[in-house]
Amino acid sequence: MLSQICIVIAMICYLAIMIYVGISYSKQNTSVSSFYLGGRKLSPLVTAMSAEASDMSSWLLMGLPGVAYLSGIAEAGWTALGLAVGTYVNWLIVSQKIRRYTHEVHAFTLPDFFSKRYGDDKNILTLVSALIIIIFFIPYTASGFAACAKLFNTLFGIPYIAALILSAAIIVLYCTLGGFLAVSTTDLIQGITMSIALIIVICFGVFAAGGIGNVLINAQALPGYLSMLQSYVPTTGDATPYSALSIASTFAWGLGYFGMPHILLRFMAIEDETKLTFSRRIATVWVVISMAISVFIGIIGYSMSKATVIDPLEGSNSETIIIQIASVLSKYNVLCALLAGIILAGILAATMSTADSQLLAAASGISQNLLQDFGKKKIDTRTSLKIARITVVIISWISIILASNPDSSVFEIVSFAWAGFGAAFGPIVLCALFWKRSNKWGALCGMITGGAMIFIWKYGIAKLGGVFAIYELLPAFLLAVVVNVIVSLATAAPSKEITDTFEKVNQK
């Protein structure tokens with residue numbers, strides 16, 4: 001009973017801080033630009049940590065350790081490696097250019113940038129990209145709400161629907177009050193909380209499993225468990241080769257970064273583009289260390305179950321490994337119970353840091369891009385801010401409805417949405433920034449092809465099995481690039497005004 005009280009205290013303190021941040025930033029939102037982009041005032045540290053915290057979600061503290069626990073380091077390791085490389089390359093080649101370009105054309109959302117970059121006066125690109133954001137972000141946000149609800153339901157026995165509404169209400173509160181600055185600041189706090197949680201778990205886990213030597217001995221006893229070229233099969237107890245195709249498929253997760261609206265917005269919002277180099281170093285180091293620890297926690301978890309410290313986990317239950325470890329830790333004493341509360345707050349932070357960013361991006365797609373940019377509705381600043389906040393609330397209710405089934409799969413939705421944004425927006429972002437000859441028709445066709453191919457591959461072609469049973473992001477991304485290039489070359493070149501702007505941005 002005492003341990004639960006300590007956990008509740010730790011989590012209430014964490015949630016109170018999130019709400020306080022939202023209230024403290026509420027008076028700084030004097031325009032739509034400040035609500036959605038923070039007036040381009042983010043510091044390098046906040047830019048780096050908010051980008052990566054909003055990226056990782058509960059996948060870092062639940063999905064990745066769960067995969068490593070069940071099958072060893074191959075799938076988890078190659079996925080983590082792909083994400084690490086994708087993170088670094090995205091910061092290296094995209095961050096400064098998109099910050100410079102969006103500032104030059106006065107764009108503060110991704111759809112807005114697409115239309116202004118390509119001189120799309122009819123805002124067709126704005127319409128299509130906003131619809132893509134809505135299609136993939138609303139269920140993505142729902143998955144975040146569901147993850148928070150499952151955590152509260154598992155820990156405290158709160159009915160799932162009540163826990164779902166409570167989780168959504170907290171996120172909506174600081175998101176609608178503080179906008180982008182509040183979301184980014186809370187993401188920084190959440191990233192720090194996630195880091196502390198990982199450190200506590202790995203230290204306690206090694207101790208409870210009998211030391212690092214015992215962890216390695218138990219892992220080495222399983223065929224292929226510690227190999228990057230083999231994967232352990234729990235049902236048979238044997239190892240199976242991890243093929244080159246499987247490696248390419250999991251490594252392709254890194255391609256998704258080029259098209260993630262909530263990450264690209266951080267690049268656009270930094271106060272000084274020259275400081276992005278410092279942000280890149282912080283972000284890359286944090287991602288590499290965090291994912292490495294996360295994978296190792298899965299391996300430690302197996303030794304803990306071997307030592308009967310925790311019960312053996314099967315299937316999707318393996319994703320609760322850190323929750324199980326926190327539960328064991330909480331039973332030692334009051335201090336350990338408080339540390340367990342920090343661990344569980346870290347899981348909550350991982351989920352909330354992604355859900356709030358997705359919520360804000362989806363709201364901008366509707367209130368700004370569809371209603372004002374495409375619909376040509378002229379609205380004053382005060383009314384526009386009200387519409388933005390109302391849109392956040394409406395999207396939240398839709399997300400709650402979508403997440404109302406407690407048996408819904410959180411991580412399948414995350415994987416699908418990640419692929420959708422990566423394939424639909426990734427190629428157009430790269431072409432817009434690096435290829436002067438790219439035009440609006442190539443961008444439009446490439447965007448539609450990438451988004452549509454995610455559905456076609458996942459629900460059609462992938463079911464053929466064999467070489468076709470790969471992560472849908474890889475084929476959809478490549479096809480979208482090809483379509484973008486072919487259509488751009490087959491249609492009229494962009495106007496001199498557009499190419500002059502391109503050259504001006506690239507000369508800086």
Side-chain angles (χ1 to χ4, degrees), residues 82 86 89-90 93-94 97-98 101-102 105 107 110-133 135-136 245 248-249 251-261 264 369 374 416 418-462 464 467-468 470-503 505-506:
V89 173
N90 199 31
I93 69 173
V94 171
K97 278 186 175 292
I98 199 165
Y101 222 133
T102 54
V105 299
L110 200 58
D112 189 30
F113 166 63
F114 292 153
S115 281
K116 290 178 177 176
R117 158 63 178 88
Y118 289 107
D120 181 19
D121 297 332
K122 295 182 179 179
N123 286 317
I124 298 174
L125 285 171
T126 298
L127 171 65
V128 174
S129 53
L131 290 175
I132 289 173
I133 285 175
I135 289 169
F136 289 111
L245 187 62
S249 179
F251 195 79
W253 271 79
L255 292 173
Y257 280 105
F258 301 122
M260 292 297 132
L264 297 173
N369 302 130
F374 182 75
F416 183 68
W418 182 269
F421 285 123
F425 291 158
I428 183 177
V429 167
L430 294 176
C431 288
L433 298 177
F434 295 98
W435 188 31
K436 184 169 66 172
R437 181 61 176 80
S438 174
N439 66 19
K440 65 179 179 181
W441 301 115
L444 179 63
C445 293
M447 190 190 306
I448 294 172
T449 299
M453 200 63 194
I454 293 298
F455 288 92
I456 294 169
W457 195 279
K458 183 175 179 65
Y459 297 109
I461 298 174
L464 298 174
V467 296
F468 299 106
I470 60 175
Y471 187 30
E472 56 272 15
L473 172 56
L474 180 58
F477 187 97
L478 295 175
L479 184 60
V481 171
V482 171
V483 169
N484 199 318
V485 171
I486 291 175
V487 174
S488 290
L489 293 176
T491 52
S495 67
K496 186 177 184 301
E497 182 182 357
I498 293 173
T499 57
D500 285 348
T501 303
F502 180 92
E503 290 174 352
V505 170
N506 282 275

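Excluded from the calculations below are hydrogen atoms, water molecules and symmetry mates; all remaining heavy atoms, backbone and side chain alike, are included.
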I need the [X] [atom1] to [Y] [atom2] distance, nearest 0.5 Å.
X      : Y      : atom1 : atom2 : result
Lys116 : Asn123 : NZ    : CG    : 9.0 Å
Leu110 : Leu125 : CG    : CG    : 11.0 Å
Leu478 : Met453 : CG    : CE    : 10.5 Å
Ile498 : Lys440 : CD1   : NZ    : 7.5 Å
Ile124 : Asp120 : CD1   : CG    : 5.5 Å
Leu264 : Ile98  : CG    : CD1   : 4.5 Å

Query - All ring pair (Phe, Tyr, Trp, His ring centres under 6.0 Å) counterparts of Phe258, not counting sequence neighbours - result: none
Is [X] reaching over with its side chain to a backbone N or O of [Y], donor-acceptor style, under 3.5 angstrom?
X      : Y      : answer
Ser488 : Val485 : no
Asn439 : Ala492 : yes
Asn484 : Gly446 : no
Ser249 : Leu245 : no

I'd like to check [X] versus [Y] (side-chain heavy atoms, cut-off strictly below 4.5 Å). Are they in contact?
X      : Y      : value
Lys97  : Val505 : no
Phe455 : Glu472 : no
Ile133 : Phe421 : yes

Query raised in the report: Going by the angle between their ring planes, with limits at 30° and 60°, are Phe113 and Tyr101 parallel, tilted or perpendicular?
Result: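 Geometry flag for Tyr101 against Phe113: perpendicular rings.
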Query raised in the report: Could you walk me through whether Asp112 and Thr126 pass the side-chain hydrogen bond (donor to acceptor under 3.5 Å, both in side chains) check?
Result: CA-CA 6 Å; Asp112 189 30; Thr126 298; 5.5 Å; no
Sequence neighbours excluded and cut-off under 3.5 Å, please list the side-chain donor-acceptor pairs for residues 428-435, or say none.
none

Query raised in the report: Can Asn506 and Lys436 be said to form a side-chain hydrogen bond (donor to acceptor under 3.5 Å, both in side chains), step by step?
Result: CA-CA 10 Å; Asn506 282 275; Lys436 184 169 66 172; over 6 Å; no
Query raised in the report: Does the ring centre of Trp457 sit less than 6.0 Å away from the ring centre of Tyr471?
Result: no
Query - Pair Phe425 and Phe136, ring centroids less than 6.0 Å apart - result: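 No: the rings miss the under 6.0 Å criterion.
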Query raised in the report: Could you go step by step and tell me if Leu489 and Arg437 meet the side chain to side chain contact (heavy atoms under 4.5 Å, CB included) rule?
Result: CA-CA 8 Å; Leu489 293 176; Arg437 181 61 176 80; 4.0 Å; yes
